[in-house]
Amino acid sequence: MSADLAREMEVLSSRLVDFVAPAELEERLLRARRESRPLRVKYGADPSAPDLHLGHVVGLNKLREFQDLGHTVVFIIGDFTARIGDPSGRSQTRRPMEPDEIVANAKTYQEQVFRVLQRDRTEIRFNSEWLAPLSFADVIRLAARVTVAQMLARDDFSARHAAGRAISLVEFLYPLVQAYDSVMVRADVEIGGTDQLFNLLLGRELQKSFGQPPQVVMTLPLLEGLDGVQKMSKSLGNYVALTEPPVEMFGKIMSIRDEQMWRYFSLVQGRPDDELQALMAEVAAGRRSPRDVKDDLARAIVARFHGAEAAEAASAEFARVFSRRELPSEMPEVRLDANELRDGLTLHALLVRAGLAPTHSEARRLIAQGAVELDGRRVSDPKAVVRPAPGCVIRAGRRGFARVA
RNA sequence: GGUGGGGUACCGAAGCGGCCAAACGGAGCAGACUGUAAAUCUGCCGACUCUAUGUCUUCGAAGGUUCGAAUCCUUCCCCCACCA
């Protein structure tokens, strides 16, 4: 093996959980170079959730590594299946989508994806291109290529089958669709999260059945979300979106558990293991505070998506509001009407007016719990009537601020 | 087609005539603490101008029985499994 190839293999195989099959990748890398034909690296995206988050970045990073070596990313937007939704009814999140909605999502998708990927080495494809023209007869012929035993090889399916729980036929069809995508784009490599392993492998099987060389399969770890336990996902609400404002993004990253930040360093920022070991040792020895290390992490991530300046500003803002308990540099304004200014209003009504509490009951709770301050003075009487002067700062909890206009 | 099991608040899951706005866990929120929106501890967690043995809405839907129903009855809708 040439030194070049060895280095490429080392880069490409970093951070992987599953890698099927390294020898095939070596072979393809060699041939790609010999024939000056870049590899086609497939990645599938679901347009039902247009908000990309840090969890997606884990996979995108790997794609970017391929691009940096001159290869092509084939980014597939699963518009066809999105149009149908998930009719099995077990997940409410997958309702059928309207075509314009899909187009709109696909567009925002692309904007976000190119914060990590190189545009000129990315091919964007919609799978309706080849799925929509299929007739039912075609689908049956396609289904004939895969056996139930192959399907039951998937842990999730066999476990549910064994437990006597339901498996919809559609659930067999969707992996098949994904596998067929691999055939249609002639994927050399496909990348996904560990939860995708089965689907990716089915792509190999189907490609073989179509007389194509089977794609190399790589899976990456699923990044844990803000709760530190479950994978980052939009439906769980434990995610950090790429489009999130810098200050929010920074704060959310600071809120992950200390032990969790190493995962973020590795998976999101792609920091090499030896560097992380050294950093962990420093923290363990008490030479560096975990807070500061996490601040580095948050700054690095924010800088990547919003620029270095925004990252520094976010860090400073965070220190101001949370470490020093000072006021944020900007806060929303509440405009009170003439009557309210003249006669005053109850504090809970003010909180609701300011958008700091969704209901009066909730506002009352915040007040009673000592979360509310007016111009820095805590007010804990839920019945308090106040007549705030213009410019008065209302604080509710650690993060809720508003200023009277 | 037959048999059995289900549908409870953001999620999971108890409750099976009053003590139920509904146990418990998770999520979320707040306070204390702190090195952070870490960890830990404590509290809150349907709404209502609400110091309450208060009012209203909520336990798949609609009716009914009862002084009183998430709990009983009827019909309906939906989900799941097993046997065919």
Side-chain angles (χ1 to χ4, degrees), chain A residues 86-93 159-168 171 224-240 244-265 280 282-284 286-299 301-302 314-326 328 339-340 343-353 355-373 378-386 395-401:
Chain A
D86 184 348
S88 66
R90 67 176 46 257
S91 70
Q92 298 84 337
T93 51
R160 279 160 64 194
H161 187 63
R165 281 184 292 124
I167 304 168
S168 156
E171 296 183 76
E224 293 79 18
L226 299 177
D227 54 71
V229 180
Q230 295 195 270
K231 71 167 179 174
M232 184 175 284
S233 90
K234 196 179 183 189
S235 51
L236 293 172
N238 61 357
Y239 69 107
V240 184
E244 209 133 2
V247 174
E248 281 299 300
M249 188 180 245
F250 190 93
K252 281 189 176 181
I253 295 164
M254 289 303 282
S255 84
I256 64 174
R257 294 167 210 277
D258 290 349
E259 315 83 73
Q260 224 187 325
M261 65 184 170
W262 313 113
R263 292 274 286 175
Y264 278 58
F265 266 119
M280 283 164 97
E282 275 193 69
V283 171
R287 284 198 299 274
R288 291 202 62 190
S289 142
R291 199 217 86 98
D292 294 341
V293 176
K294 208 193 283 179
D295 184 89
D296 284 348
L297 170 70
R299 279 209 322 277
I301 294 175
V302 173
S315 172
E317 182 80 1
F318 188 86
R320 174 161 52 234
V321 177
F322 297 108
S323 301
R324 281 181 262 126
R325 287 277 182 154
E326 292 169 14
N339 283 344
E340 289 167 334
D343 306 331
L345 69 170
T346 57
L347 183 53
H348 58 257
L350 179 63
L351 291 180
V352 172
R353 285 284 262 115
L356 296 174
T359 63
H360 290 265
S361 293
E362 181 62 30
R364 255 183 265 269
R365 253 174 242 135
L366 286 171
I367 298 164
Q369 288 179 136
V372 177
E373 289 177 4
R378 175 177 291 183
V379 183
S380 51
D381 174 11
K383 288 195 301 182
V385 173
V386 295
R395 173 172 200 160
R398 284 173 286 192
R399 297 201 277 149
F401 292 93

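The figures that follow rest on heavy atoms only: side chains count, while hydrogens, waters and symmetry mates do not. In the text below, chain A, chain B and the rest are named by the order of the sequence lines, each starting its count at 1.
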*Do you know the tightest heavy-atom contact between A:Met249 and A:Val240?*
CG-CG1, 3.7 Å
*Examine the base of B:G31 for any acceptor or donor lying under 3.5 Å from a partner atom in the side chain of A:Gln369, and report the outcome as yes or no.*
no
*Any strand is fair game: report the nucleotide pairing with B:C45 by Watson-Crick or G-U wobble, both distances under 3.5 Å, or none.*
none
*Does A:Val372 reach the side chain of A:Leu356, with side-chain heavy atoms less than 4.5 Å apart?*
no
*With a 3.5 Å cut-off and just heavy-atom distances, do the side chain of A:Asp227 and the base of B:G26 make a donor-acceptor pair?*
no
*Side chain of A:Lys294 only, please: which of B:A37, B:U36, B:U49 is the nearest?*
B:U36
*Separation of B:A37 C1' from A:Ile256 CD1 (nearest whole Å)*: 11 Å
*A:His360 NE2 to B:U51 P: how many Å, rounded?*
15 Å
_Does this structure show an ion pair linking A:Asp227 with A:Arg257, if we count only N-O contacts that are shorter than 4.0 Å?_
no
*So, A:Lys231 and A:Glu224, do they make that salt bridge, N to O below 4.0 Å?*
no
*Please confirm whether A:Lys252 makes a cation-pi placement over A:Tyr239, using NZ or CZ under 6.0 Å from the six-membered ring centre and within 45° of the ring normal.*
yes
*asked:* Work out how far the C1' atom of B:G46 is from that of B:C20, and round it to whole angstrom.
replied: 13 Å
_Whole angstrom value for the distance that separates C1' of B:A38 from CG of A:Leu297_ = 13 Å
*Choose from B:A30, B:C44, B:G35 the nucleotide whose nearest atom is closest to any side-chain atom of A:Arg365.*
B:C44
*Roughly how many Å is it from CG in A:Leu351 to C1' in B:A30, rounded to a whole number?*
13 Å
*Would you give the length of the straight line joining atom CZ of A:Arg325 to atom CD of A:Glu373, rounded to the nearest 0.5 angstrom?*
7.5 Å
*Out of B:C50, B:A37, B:G35, whichever nucleotide has its closest atom nearest the side chain of A:Ser255*: B:A37
_Any strand counts, and the cut-off is 3.5 Å on both contacts for Watson-Crick or G-U wobble. Which nucleotide pairs with B:G4?_
B:C80
*Rounding to the closest angstrom, what is the interatomic distance between B:C16 and B:A30 at atom C1'?*
35 Å
*Expressed in angstrom and rounded to an integer, what is the separation of A:Arg398 atom CZ from B:A32 atom P?*
9 Å
*Of the nucleotides B:G35, B:U34, B:C50, which one has an atom closest to the side chain of A:Arg325?*
B:U34
*asked:* Please name the nucleotide paired to B:U74 by Watson-Crick or G-U wobble geometry with both distances under 3.5 Å, or report none.
replied: B:A62
*Applying a 3.5 Å limit to both distances, which nucleotide forms a Watson-Crick or G-U wobble pair with B:A23?*
none
*Which base, if any, makes a Watson-Crick or G-U wobble pair with B:G68, both distances under 3.5 Å?*
none
*Measure from CZ on A:Arg291 to P on B:A37 and round the result to the nearest Å.*
9 Å
*Under 3.5 Å, is there an N or O donor on one side and an acceptor on the other linking the side chain of A:Thr359 and the base of B:C48?*
no
*Should A:Arg257 be listed as having a side-chain N or O under 4.0 Å from OP1 or OP2 of B:A39?*
yes
_Rounding to an integer number of Å, can you tell me how far A:Glu362 CD sits from B:C45 P?_
9 Å
*To the nearest Å, give me how far apart CD (A:Glu248) and C1' (B:A37) are.*
10 Å
*Rounded to whole angstrom, note down the P distance from B:U8 over to B:A61.*
10 Å
